Amino acid sequence: MLTGTFRLPADGLARALPAMSAMVAASRAEPGCIAYAYAQDLLDPTLIHVVERWRDRAALTAHFATPHLAQWRAQFVVLGITERNVGLVEGEAEST
């Protein structure tokens with residue numbers, strides 16, 4: 001499982017929603033994706049929480065090579081995304 005956060009500018013959510021929605025939809029359609037979600041923090045509206053669950057490490061590795069992930073990352077500067085902190089929770093990316 002991958003979990004983490006990233007930050008948007010105070011007025012940036014509306015501008016980022018189309019790109020975020022496209023990323024979530026494309027990722028959920030990938031083979032091996034169990035769950036993929038972004039959620040706005042209730043107490044800090046500039047903070048977005050990320051949760052991803054993948055069938056196994058191979059599915060996660062394939063996700064990292066997708067065009068939609070490259071497109072999403074290319075938009076970080078334009079959307080003002082900062083403080084990106086997403087990491088693997090060991091033992092959760094592989095099926096049990």
Side-chain angles (χ1 to χ4, degrees):
M1 176 164 54
L2 289 178
T3 63
T5 58
F6 63 87
R7 193 167 296 280
L8 290 167
D11 62 348
L13 183 62
R15 193 165 40 107
L17 276 175
M20 291 169 62
S21 296
M23 180 60 186
V24 169
S27 296
R28 287 180 179 175
E30 288 180 54
C33 181
I34 297 167
Y36 197 101
Y38 296 149
Q40 186 178 28
D41 191 278
L42 294 175
L43 301 179
D44 182 351
T46 68
L47 189 64
I48 305 298
H49 295 270
V50 178
V51 177
E52 304 177 29
R53 283 190 64 91
W54 297 92
R55 177 188 62 232
D56 52 30
R57 188 69 61 107
L60 178 60
T61 299
H63 169 67
F64 289 146
T66 59
H68 59 269
L69 181 57
Q71 291 170 352
W72 169 236
R73 287 180 174 166
Q75 296 179 65
F76 286 2
V77 172
V78 174
L79 296 173
I81 291 174
T82 61
E83 298 179 40
R84 185 178 167 278
N85 183 14
V86 178
L88 181 66
V89 177
E90 287 298 326
E92 293 293 325
E94 298 177 16
S95 59
T96 55

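Please read these numbers as outputs of a predicted model, since none were measured by experiment.
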*Following the transitive rule for hydrophobic clusters with a side-chain heavy-atom cut-off under 4.5 Å over Ile, Leu, Val, Met, Phe, Trp and Tyr, establish whether I48 and V77 coincide in one cluster.*
no
Tell me which donor-acceptor pairs under 3.5 Å the side chains of residues 4-22 have, and how far apart each pair is, sequence neighbours excluded?
residue : atom : partner : partner atom : Å
R7      : NE   : E83     : OE1          : 3.2
R7      : NE   : E83     : OE2          : 3.4
R7      : NH1  : D44     : OD1          : 3.4
R7      : NH1  : D44     : OD2          : 2.8
R7      : NH1  : T46     : OG1          : 2.7
R15     : NH1  : V78     : O            : 2.7
S21     : OG   : L17     : O            : 2.9

*Are L79 and L47 co-members of a hydrophobic cluster defined by side-chain heavy atoms under 4.5 Å apart?*
no
*Measure the CG-CD distance between L88 and E52 for me, rounded to the nearest 0.5 Å.*
10.0 Å
*Any residue meeting side-chain contact (heavy atoms from CB on, under 4.5 Å) with V86, in chain and number order, not counting sequence neighbours*: L2, V50, R84
Less than 3.5 Å apart, which donor and acceptor atoms pair up between the side chains of residues 25-39 and the rest of the protein, not counting sequence neighbours?
residue : atom : partner : partner atom : Å
S27     : OG   : M23     : O            : 2.9
R28     : NE   : Y36     : O            : 2.8
R28     : NH2  : Y36     : O            : 2.9
E30     : OE1  : H63     : ND1          : 3.4
E30     : OE2  : H63     : ND1          : 2.6
E30     : OE2  : H68     : NE2          : 2.8
Y36     : OH   : Y38     : OH           : 3.2
Y38     : OH   : W72     : NE1          : 3.4

